[in-house]
Amino acid sequence: MTRPALFLDRDGVINVDHGYVYKPEDVEFVNGIFELVAEAKRAGLLVVVITNQAGIGRGYYSENDFHALMNWMKNQFVEQGGQIDAVYFCPYHPEHGVGHYRKDTECRKPNPGMILQAAQDLKLDLDRSFLIGDKSSDIEAGMAAGVGNNFLLSSEPEGLADVPTLLSLFEGIPLLKAI
């Protein structure tokens with residue numbers, strides 16, 4: 001049996017994108033994220049983070065730093081009545097990566113690799129799943145993977161052609177209630 005998921009980009013959707021965030025003291029959660037994730041769990045969706053982390057590839061912080069922050073973030077969600085079920089990240093960058101981190105891979109958005117891997121690992125129904133991202137590369141990855149419901153989080157109402165725009169995460173809550 002397959003289940004739908006809510007795929008979330010991290011920087012810009014879960015937390016305000018202050019650029020290469022890797023310490024808890026630098027995290028500022030986006031307004032509405034805890035409520036959105038709690039509603040996703042009530043609706044029976046798995047919550048999956050998919051995030052490019054070029055800061056690792058550039059040598060700004062380590063994979064251990066990333067995992068420590070994600071564990072802290074997961075605990076914040078549990079304290080707020082939600083849960084992040086899985087985290088997929090891509091530490092590589094095709095131009096600015098250092099050493100073995102310098103390469104183009106299927107995991108780096110806009111490629112769909114992280115989503116497809118999550119679908120395989122977690123037995124997800126991508127057609128019934130949701131993705132919220134704040135960049136065109138997030139939406140492109142969702143579409144390429146076959147995610148049925150892709151939304152751009154943007155303060156600009158024009159968004160991307162043929163892609164619904166959420167002006168706030170609170171606008172996503174009714175969409176999840178409808179499933």
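Within the 4.5 Å cutoff, the side chain of Glu106 has no heavy atoms near those of the Met114 side chain. In this structure, Leu152 and Ile132 have side chains that are not in contact, with every pair of non-hydrogen atoms separated by 4.5 Å or more. In this structure, Ile115 and Leu126 have side chains that are in contact, with non-hydrogen atoms separated by less than 4.5 Å. At least one side-chain heavy atom of Arg10 sits less than 4.5 Å from a side-chain heavy atom of Phe66. Side-chain contact check for Leu8 versus Val47: some heavy-atom pair is nearer than 4.5 Å.
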Practice problem: Output, in order, the C-alpha distance, side-chain angles, deciding distance and verdict of ring pair (Phe, Tyr, Trp, His ring centres under 6.0 Å) for Tyr22 and Tyr60. | Solution: CA-CA 9 Å; Tyr22 69 96; Tyr60 298 160; 9.0 Å; no
Quiz prompt | Derivation and outcome, side-chain contact (heavy atoms from CB on, under 4.5 Å), residues Phe7 and Tyr88 | solution = CA-CA 10 Å; Phe7 291 100; Tyr88 290 81; over 6 Å; no
Quiz item: Checking side-chain contact (heavy atoms from CB on, under 4.5 Å) for the pair Arg102/His93: CA distance, chi angles, key distance, verdict?
Solution: CA-CA 5 Å; Arg102 183 181 209 158; His93 194 281; over 6 Å; no
Quiz item: Do Leu45 and Glu39 pass the side-chain contact (heavy atoms from CB on, under 4.5 Å) test, and can you show the C-alpha distance, the side-chain angles, and the key distance before you say yes or no?
Solution: CA-CA 9 Å; Leu45 282 85; Glu39 184 57 40; over 6 Å; no
Exercise. Could you check Asp11 against Asn15 for side-chain hydrogen bond (donor to acceptor under 3.5 Å, both in side chains), going step by step and ending with a plain yes or no?
Key: CA-CA 5 Å; Asp11 301 308; Asn15 58 277; 2.9 Å; yes
Practice problem: Applying side-chain contact (heavy atoms from CB on, under 4.5 Å), run through Asn149 and Asp127 and close with a yes or a no. | Solution: CA-CA 8 Å; Asn149 304 282; Asp127 190 54; over 6 Å; no
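Here the side chain of Asp138 pairs a donor or acceptor atom with the backbone of Lys135 at under 3.5 angstrom. In this structure, Arg128 contributes its side chain and Arg3 its backbone to no donor-acceptor pair below 3.5 Å. Side chain of Asn52 to backbone of Cys90: no donor-acceptor contact under 3.5 angstrom is found. Remark: the backbone N or O of Leu69 is not paired with any side-chain donor or acceptor of Lys74 at under 3.5 angstrom. Between the Ser137 side chain and the Pro110 main chain, no donor and acceptor come within less than 3.5 Å of each other. Proximity of a side-chain donor or acceptor of Asp17 to a complementary backbone N or O of Gly19 within less than 3.5 Å is detected. The backbone N or O of Ala118 lies less than 3.5 Å from no partner atom in the side chain of Asp121, so there is not a single donor-acceptor pair. One N or O on the side chain of Glu171 and one on the backbone of Leu167 form a donor-acceptor pair closer than 3.5 Å.
Under the rule for a side chain to side chain donor-acceptor pair (under 3.5 Å), the partners of Tyr61 that lie at least two apart in sequence or sit in another chain are Gln53. Under the salt bridge (Lys or Arg N to Asp or Glu O under 4.0 Å) criterion, Asp85 pairs with Lys41, sequence neighbours left out.
Taking all atoms of both residues into account, the shortest heavy-atom contact from Asn111 to Thr105 is ND2-O, 2.9 Å. Residue Ala54 comes nearest to Arg108 through the heavy atom pair CB-NH1, 4.1 Å, listed as atom of the first residue, atom of the second, then distance. The two residues Leu36 and Leu169 make their nearest non-hydrogen contact at CD1-O, 3.8 Å. Minimum interatomic distance between Gly133 and Asp9 (heavy atoms only, all atoms of both residues): CA-CB, 4.2 Å. When all heavy atoms of Val147 and Ser129 are compared, the closest pair comes out as CG1-O, 3.6 Å. Taking each heavy atom of Val87 and Met70 in turn, the nearest pair found is CG2-CE, 3.8 Å.
Residues Val16 and Ile14 share a hydrophobic cluster, clusters being chains of Ile/Leu/Val/Met/Phe/Trp/Tyr side chains in contact below 4.5 Å. Linking Ile, Leu, Val, Met, Phe, Trp and Tyr residues whenever their side-chain heavy atoms come within less than 4.5 Å leaves Tyr92 and Val98 in two separate clusters.
Side-chain polar atoms of Arg58 and Tyr20 form a donor-acceptor pair below 3.5 angstrom.
Aromatic ring orientation, Phe151 versus Phe130: parallel (interplanar angle below 30°, classes split at 30° and 60°). Ring geometry, His67 versus Phe89: the interplanar angle exceeds 60°, so the pair is classed perpendicular (tilted spans 30 to 60°).
Atom CD1 in Ile50 sits 11.5 Å away from atom SG in Cys107 (nearest 0.5 Å). To the nearest 0.5 Å, the span separating CD on Gln83 from CG on Leu46 amounts to 8.5 Å. Annotation: the span from Thr165 atom OG1 to Ile139 atom CD1 amounts to 8.5 Å, rounded to 0.5 Å. Atoms CG and CG, on Leu153 and Leu131 in that order, are 11.0 Å from each other to the nearest 0.5 Å. Summarising the geometry, atom CE belonging to Met73 is positioned 4.5 Å from atom CZ belonging to Phe29; distances are rounded to the nearest 0.5 Å. The distance from atom OH of Tyr101 to atom CD of Glu63, rounded to the nearest 0.5 Å, is 3.5 Å.
By the 6.0 Å contact criterion, CG on Asn31 is open, its count of non-hydrogen atoms from other residues, nucleotides or ligands being 12 or less.
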